[in-house]
Amino acid sequence: MAALSRLLSPLLLALVAVGASPAIIPRAPVSVSLLKELNVTTGPQMVTSGRQRAQALKTKAFRAPGTKVAANATEPVINEAVIYIAEVGVGSPPTTYNLIVDTGSSNTWVGAVTPYEQTSTSESTGDIVEVTYGSGFFIGLEYIDTVTLSDDLVIRSSPSGQLSYRINGFSPYDGILGIGPTYLTTGTLLTSSEEIPTVTDNLYTEGVISDWSLGISFAPTTEEEVQNGVLTFGGVDESLYSGELNIFPKTTTEPATYYWGYDQSVLYGDTEILALTAGITDTGTTLLYLATDAYDAYVDATGATLDSTTGLLSISAEQFLSLKSLFFDINGVTYELIPDAQLWPTALNEAIGGTADSLYLVVSDMGSSSGEGLDFINGYVFLERFYSVYDSANAQLGFASTEYTNATVNYQ
Ligand SMILES: *[C@@H]1O[C@H](CO)[C@@H](O)[C@H](O)[C@H]1NC(C)=O
Ligand SMILES: *[C@@H]1O[C@H](CO)[C@@H](O)[C@H](O)[C@H]1NC(C)=O
Ligand SMILES: *[C@@H]1O[C@H](CO)[C@@H](O)[C@H](O)[C@H]1NC(C)=O
């Protein structure tokens, strides 16, 4: 143990918050605004890192609880182009950390840049937490502490904090706010195979929110940094969507079921390119990834060609004029991604190494065939067009149209 604590002492910290201090009880949903940062790299890295994440999500969920995934942490953990950041306070008085909002993982931790500041509310559990991500990992000590998401959302209680001795690729962010299903915390503790309650779980069990769910509003933008996301704990913010909120069950298919997974089929125009199958929605993925056979069908139907400079599909202006909508059929309801929603914002072409007047598409190849239980990832390009709801209590999700669903913003 001495060696271990020596190993851990120099580093950072992560934690999950919760609590037994029910002083603040706003039972209505409470929203936290999110800063969107676009941190694009030139070249095909954005596309390949998304594909790596997709493959990692598939294999990671299949590991037996309690077994650790070997990870070498030589690559950045988060290298997606679009990142949503929440300011989260930990401790009392709180230190503020900028955390990446991730539906694809469920541990919450801090300390990658701003060191974890222990206060009188910090309580070590003596356990060690290890979380592996797509291409990296971190290890740290587990703490219980007070977590402040907004003035109205303060929790304190059960487990989860981490002091990390090995973290790679998070800079300039301080850690992760994991809002995936609780199951994903299984096997992240050294001495136990128990799940760790997530921040959402703790808000609920402490009575801070009365609905064990959350809602997410993203919006398209062509700016590199903008405050345009809203994360609502304890229900939905009805002002952020229009029309009906359609609710549907989580999928039971592995491994999609371990994430915010569901079943959908995909049509391009009136041609089905992906038969009904399981996949996920993910705030940690920028693009729309489809299983290779569906992607190939999309390429054939659109006439797009792969642009090796950006790694994205590209089409001519003439092809764009005949581009059809993509339709996602989910539990009897159809969600339409209009042609503009299938375009990478032209204002940001040069930011990814493309040419200003080219037209790039946001549909990419997952790198594996359909039938593997996680055949699509509806990433940010989908979530910026539809409000989304994640209901842990009833194992269901929901989508609704917004003022951005049919907005033409990308072609300028
Ligand atoms: C952008 O990403 C690079 C690494 O990919 C990182 O070094 C840099 O700090 C990031 N910048 C911002 C503003 O996120
Ligand atoms: C880690 O590195 C070793 C040796 O370089 C290699 O064999 C292994 O495949 C790597 N593991 C991962 C997860 O990249
Ligand atoms: C978006 O446009 C389609 C037609 O392309 C229409 O059916 C749908 O109702 C529109 N949705 C919204 C939210 O305006």
Side-chain angles (χ1 to χ4, degrees), residues 29 31 34 36 82 84 213-222 226 228-232 235-248 260 262-274 276 279 281-283 286-288 290 294 297-304 313 315-347 359-363 376-391 396-412:
S31 294
L34 306 175
K36 173 187 171 181
V82 177
Y84 273 89
S213 67
L214 48 98
I216 294 178
S217 167
F218 289 159
T221 174
T222 52
V226 61
N228 80 346
V230 180
L231 174 58
T232 299
V236 299
D237 183 336
E238 289 174 8
S239 70
L240 296 174
Y241 63 88
S242 55
E244 203 150 325
L245 176 65
N246 299 296
I247 300 293
F248 47 90
W260 287 115
Y262 52 98
D263 298 319
Q264 76 179 7
S265 59
V266 182
L267 288 85
Y268 174 75
D270 51 18
T271 307
E272 184 175 84
I273 59 171
L274 185 63
L276 187 65
T281 178
D282 181 27
T283 59
T286 302
L287 304 170
L288 169 67
L290 296 177
Y298 179 78
V299 171
D300 282 351
T302 57
L313 289 172
I315 53 170
S316 67
E318 197 185 356
Q319 286 170 322
F320 179 69
L321 290 177
S322 52
L323 193 68
K324 297 178 178 142
S325 291
L326 277 170
F327 296 96
F328 300 79
D329 281 347
I330 306 170
N331 200 35
V333 178
T334 301
Y335 304 85
E336 178 178 1
L337 267 199
I338 63 169
D340 187 82
Q342 297 169 50
L343 276 192
W344 177 257
T346 53
L359 297 175
Y360 303 109
L361 298 169
V362 296
V363 178
F376 60 83
I377 299 182
N378 285 13
Y380 166 73
V381 296
F382 181 87
L383 296 173
E384 69 180 358
R385 299 287 176 157
F386 296 96
Y387 190 79
S388 57
V389 178
Y390 307 86
D391 177 359
Q396 56 191 15
L397 293 84
F399 291 138
S401 297
T402 74
E403 61 180 297
Y404 305 110
T405 299
N406 286 345
T408 52
V409 289
N410 292 326
Y411 194 4
Q412 291 176 351

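Each ligand, and each atom within it, is numbered from 1 in the order the structure gives. For the numbers below, each heavy atom of this structure counts, side chains included, while hydrogens, waters and symmetry mates do not. Here the structure is a predicted model, which is why all the values come from computation and not from measurement.
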Note to self: Within a 6.0 Å radius of atom OH on Tyr404, are there more than 12 heavy atoms belonging to other residues, nucleotides or ligands?
What the structure shows: no
Item checked: Neighbouring protein residues of ligand 3 - any heavy atom closer than 4.0 Å -> Glu336, Ser401, Asn406
Note to self: For Phe382 and Tyr335, take the angle between the two ring planes, folded into 0 to 90°, and tell me which bin it lands in: parallel under 30, tilted 30 to 60, perpendicular over 60.
What the structure shows: perpendicular
Margin query: Using only atom types and a distance under 3.5 Å, with no angle test, would you say the side chain of Gln342 pairs donor to acceptor with the backbone of Lys324?
Written below: yes
Checklist line | Spacing of CD1 belonging to Ile247 relative to CG belonging to Leu397, to within rounding of 0.5 Å | finding: 8.0 Å
Item checked: Option from Tyr241, Trp260, Phe248, Tyr387 for which ring-ring contact (aromatic ring centres under 6.0 Å, His included) with Phe399 holds -> Phe248
Notebook entry, point to check: Are the side chains of Leu313 and Tyr298 in touch, meaning some heavy atoms are under 4.5 Å apart?
Noted result: yes
